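Remember, predicted model here, so these are calculated numbers, not experimental data. Atoms within a ligand are numbered from 1 in the order they appear, just like the ligands themselves.
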Amino acid sequence: MGLDDITRRIRAAESAAGRAPGSVTLIAVSKLQPSERVAGVLAAGHTVFGENYVQEAQAKWPAWTAAHPGVSVHMIGPLQSNKARAAVQLFDAIHTLDRVTLARKLAAQMAEQGRHPQLFVQVNTGDEPQKAGILADELPGFLALCAELSLSPEGLMCIPPDGEDPAPHFTLLRDLARDHGLPGLSMGMSADFETAIAHGATHVRVGSAIFGARNAQGT
Ligand SMILES: *Cc1c(COP(=O)(O)O)cnc(C)c1O
């Protein structure tokens, strides 16, 4: 547990997969964490953080990023279209581009604000009806629409179904990204980031294994 331990495990997983040291970006997921824990990880010099809720991120990150230049904040939670403006203002990357209406809103906001957060398209690799994300079959059409809107996603993101072996989902996401020439793969959380790295993850999203258990509300 803790930042140093997770960083060590990431370096070991990179090495085991024959990947260059530092090729995986650790997104420290700070949603619903007490401020003093986040302050500790900032003080340790970590620079990439993840949040799930626009309002929570708006309340805490502007002061922290002002105090720690070079810190970037990634949106990894579901994004309502009416929060697109705030999200483009606030975040350096958005991992949850998951539908046409959101693509249109983000494109309009990026043009208006002249800001260009990195984008990842969320893929519903388990075809789960309740889960957000583009179905694998619909990905080519969705990426074509992104291109029409002048959006250039950096990569793909997935959250494998609860209680399933994540490896086949990581493999599917990797193959889809390769087929579409996308370099980024946002996959792997506290329980499975080493497996994700073995399957090519470029961004792992790790919360509780760094910070400890979250406050009970939310997820
Ligand atoms: C909360 C969250 C994480 C981090 O989860 P942990 O199990 O605490 O590492 C990663 N990705 C997404 C999309 C999340 O919502």
Item to check | Any residue meeting side chain to side chain contact (heavy atoms under 4.5 Å, CB included) with Leu90, in chain and number order, not counting sequence neighbours | outcome: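 Listed in chain order: Ala57, Gln58, Pro62.
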
Next on the checklist: If we count only N and O atoms by modelled type, under 3.5 Å, do the side chains of His169 and Thr125 hold a donor and an acceptor together?
Outcome noted: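 His169 vs Thr125: donor-acceptor pair found between side chains.
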
Checklist entry - Between the side chains of Arg205 and Ser186, is a donor N or O closer than 3.5 angstrom to an acceptor N or O? => result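 Side chains of Arg205 and Ser186: pair found under 3.5 Å.
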
Item to check | With sequence neighbours excluded, residues passing side chain to side chain donor-acceptor pair (under 3.5 Å) with Arg85 | outcome: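 With sequence neighbours excluded, Arg85 shows a side chain to side chain donor-acceptor pair (under 3.5 Å) to Glu112, given in chain and number order.
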
Next on the checklist: Here's a test for you: under side-chain contact (heavy atoms from CB on, under 4.5 Å), which of Ile27, Asp192, Leu26, Ile6 qualifies with Val204?
Outcome noted: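 Going through Ile27, Asp192, Leu26, Ile6 one by one, the side-chain contact (heavy atoms from CB on, under 4.5 Å) with Val204 is satisfied by Leu26 alone.
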
In terms of atom number and element, which parts of ligand 1 are under 4.0 angstrom from non-hydrogen atoms of [X]?
X      : result
Asn52  : 14 (C), 15 (O)
Lys31  : 1 (C), 2 (C), 3 (C), 14 (C), 15 (O)
Arg205 : 4 (C), 9 (O), 10 (C), 11 (N), 12 (C), 13 (C)
Val206 : 9 (O)
Gly207 : 4 (C), 6 (P), 8 (O), 9 (O)
Ile159 : 13 (C)
Ser208 : 6 (P), 7 (O), 8 (O), 9 (O)

Next on the checklist: Is it the case that the ring center of His74 lies less than 6.0 angstrom away from the ring center of Phe120?
Outcome noted: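 No, too far apart.
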
Checklist entry - Taking the minimum heavy-atom distance to atom 9 (O) of ligand 1, which of Ala132, Ser190, Gly188, Ala213 ranks first? => result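 Heavy atom nearest to atom 9 (O) of ligand 1 belongs to Ser190.
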
Next on the checklist: Between ligand 1 and Arg214, can you find any atom pair, the residue atom being a heavy atom, that is separated by under 4.0 Å?
Outcome noted: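 Within the 4.0 Å threshold, so yes.
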
Item to check | Note: Glu56-Lys31 ion pair, threshold 4.0 Å (strictly below) | outcome: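 The answer is no: the pair does not qualify as a salt bridge.
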
